There are 2 protein chains.
Amino acid sequence: MARVTYHHGNLREALVDAGLELTRSGGAGAMVLRDATRQVGVSPNAAYRHFADRESLLGAVAVAIQERMSDRMESYVAPAPAGQSGARARLTAVGLGYIDFAIAEPGWFEVAFAGTRQHSDTATPAPLARLLEALDALVASGELDRAARPGAEWPCWSAVHGFALLALTGPLRDLPAEAVRAAARRTVEAIITGLLG
Amino acid sequence: MARVTYHHGNLREALVDAGLELTRSGGAGAMVLRDATRQVGVSPNAAYRHFADRESLLGAVAVAIQERMSDRMESYVAPAPAGQSGARARLTAVGLGYIDFAIAEPGWFEVAFAGTRQHSDTATPAPLARLLEALDALVASGELDRAARPGAEWPCWSAVHGFALLALTGPLRDLPAEAVRAAARRTVEAIITGLLG
DNA sequence: TCCACTATGTTGACAGCGTACACATGCTGG
DNA sequence: CCAGCATGTGTACGCTGTCAACATAGTGGA
C-alpha cells in the first residue's frame with residue numbers, strides 16, 4: 001500500500017480510519033499517533049497538518065465512532081415499535097442498544113464516551129440524539145408527562161452509561177454474558193419505570 | 001524535606017501519598033511515576049521495589065481514594081436515618097454522596113472508578129460496600145422484596161456512576177451547580193422508585 | 001506559459017516517559 | 001561480627017508527542 005505520489009490525497013480521513021482500527025482493540029491508549037501515521041505510510045509530523053495534536057485526532061476518531069454507534073442503536077430500534085407501547089419499547093431499545101454497543105466494542109466505546117476527555121466537538125453526540133428522539137416520542141404518545149420531559153434524558157443516559165462502564169471495567173466484567181444481559185434489562189426497565197412513575 | 005538516611009523508611013506509603021496529591025488535580029494522567037518519586041525525593045527506580053509498575057502504583061492510589069470516598073459517603077448517611085423511611089433515605093444518601101464526591105474530587109474519582117483500568121485489587125470497593133449495606137437495610141425494613149435483592153446493586157450503581165461521569169466529562173459539565181444537583185436527585189429518585197416499584 | 005503562493009509531507013532533533021540491569025547501602029538475624 | 005536480604009541509586013534504552021526548518025507539488029493570476 002505504498003504511496004506513489006508525494007501528497008497522500010486524503011490523509012485526514014486515512015488517519016481517522018487508522019485511529020478507528022487502533023482503538024477498536026486497544027481503546028484510547030492504543031491510539032498512538034506514530035502508529036497511525038506508520039499505518040498510513042506517512043511521517044509522524046504529517047498528522048500535524050490536519051490535527052492540532054494527538055488529542056484532536058482522537059476527538060475526530062470519537063466522532064466517527066459515535067456515528068457508528070448511533071447506526072447500531074437504530075438497528076435495535078427498528079424491529080421494536082410493534083407492540084402496545086411503541087414509544088416505551090423504543091426507549092428500551094435505545095438503552096439496550098447503547099449497552100450492547102459498549103460491550104461489543106469496548107475499545108471504541110471508551111474512546112467515544114468513557115474517556116476523561118471532553119467531547120465538546122459535537123454539541124449533541126449522535127447516540128444522545130437517538131435518546132432524545134425516543135423521549136420525545138414518549139411525550140407524544142402521552143406516556144410521559146410533558147412537564148417531566150425537560151431533563152429526563154439525564155436519568156436515562158446515566159443509567160445506561162453507568163451500566164456500560166460497570167459491565168466493561170467494573171465488577172460485572174466477568175459475569176456470564178446472559179447474567180449481564182439480564183442486569184442490563186433490569187437496569188433499563190428500572191430507570192424507565194422510575195421516570196414514568 | 002531532604003532525606004538524611006539512605007533508606008526512606010516508608011517509601012510505599014509516601015509514594016501513594018504523592019500519587020494522591022498528583023491525581024487530585026490532574027486525574028490518572030497526572031500520576032507520572034517520575035514525578036511521584038521526585039516529590040518523595042527518591043530515584044525513579046526506587047518505586048519498583050514496592051510496585052511492579054506504574055499501573056500497580058496507580059491501583060494502590062485508587063484503593064486509598066476509594067476509602068476516602070467511602071468515608072465521605074458515610075458522612076452523608078449519618079444525618080439521614082431520621083424520618084419515616086430511614087432505609088430509603090439512607091440509600092438516597094449513599095447515591096448522592098457518591099455523586100457529590102465525584103463532582104468535588106474529579107481527579108480522584110477518575111482514578112478510583114472512571115479509569116479504564118480494572119480495579120480488581122479489592123474484591124468489593126469500599127463505596128460499593130456502602131451501597132450493599134443500604135440495600136440490605138431496605139430489605140430488612142420490608143421496602144424491598146427479598147427476591148428482588150440479588151442484583152439490585154447494579155441498577156443503583158449504574159445510575160449514580162453514570163450520572164457522575166456525565167456531570168464530569170459529559171454534557172452536564174457546564175450546567176450550573178444547582179441544576180446538576182437537581183438532576184442528580186431526580187436520577188437517584190428515579191432509579192430507586194423503579195427498583196421498588 | 002510561467003511563476004509565486006499555499007497546502008501538504010519529510011527530516012532531524014529534543015525532552016520526557018516507563019522501565020531493565022548492574023551496583024551501592026544498610027538493617028537484621030544467626 | 002558477618003552473611004544475606006531488602007531497599008535505594010546510576011546509567012541506559014527505546015519509545016513517545018511535538019517543534020523548527022526544509023522539500024514538494026498543485027493552483028490561480030500575470
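Everything quoted here is computed from the prediction, not taken from an experiment. First the proteins, then the strands, lettered A, B, ... as listed; each starts at 1.
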Whole Å only: how far is the CG atom of Leu58(A) from the P atom of dG17(D)?
-> 11 Å
Charged N-O contact under 4.0 Å between Arg24(B) and Glu105(B) | yes
Nucleotide nearest Arg49(B) (side chain, heavy atoms from C-beta), chosen from dT16(D), dT9(D), dT19(C) | dT9(D)
Could you walk me through whether Glu67(A) and Arg72(A) pass salt bridge (Lys or Arg N to Asp or Glu O under 4.0 Å), step by step?
-> CA-CA 9 Å; Glu67(A) 269 149 30; Arg72(A) 186 165 320 186; over 6 Å; no
Euclidean distance, atom CG of residue Asn45(B) to atom C1' of dC23(C) [Å, nearest integer] | 12 Å
Are a donor atom and an acceptor atom from the side chains of Arg38(B) and Ser43(B) found within less than 3.5 Å of each other?
-> no
Gap between atoms CG and C1', on Leu15(A) and dT8(C) respectively (whole Å) = 12 Å
Atom-to-atom span, CZ of Arg34(B) to C1' of dC15(D) - whole angstrom = 12 Å
Using whole Å, report how far OH of Tyr48(B) lies from C1' of dA22(C).
-> 16 Å
Describe, in one word, how the ring planes of Phe113(A) and Phe109(A) are oriented to each other, choosing from parallel (under 30°), tilted (30 to 60°) and perpendicular (over 60°).
-> tilted
dT16(D), dA21(D), dT18(D): which one has an atom nearest the side-chain heavy atoms of Arg38(A)?
-> dT16(D)
In whole Å, what is the span from the CZ atom of Arg54(B) to the C1' atom of dC15(D)?
-> 15 Å
In terms of the nearest nucleotide of DNA chain D, which residue is placed more toward the 5' end: Arg12(B) or Met31(A)?
-> Arg12(B)
With a non-hydrogen cut-off below 4.0 angstrom, is Gly29(B) in contact with a base, only sugar-phosphate, or nothing?
-> nothing
Nearest whole angstrom, please: distance from the P of dA20(C) to the CG of Leu33(B).
-> 11 Å
For dG8(D), does either OP1 or OP2 sit under 4.0 Å from a side-chain N or O belonging to His50(B)?
-> yes
Which listed nucleotide (dG9(C), dT16(D), dT19(C)) is nearest to the side chain of Val42(A)?
-> dG9(C)
Is Val16(A) reachable from Val32(A) through a run of I, L, V, M, F, W or Y residues, each pair having side-chain heavy atoms under 4.5 Å apart?
-> no
When rounded to whole Å, the CZ to P distance for the pair Phe51(A) and dT8(C) reads 12 Å
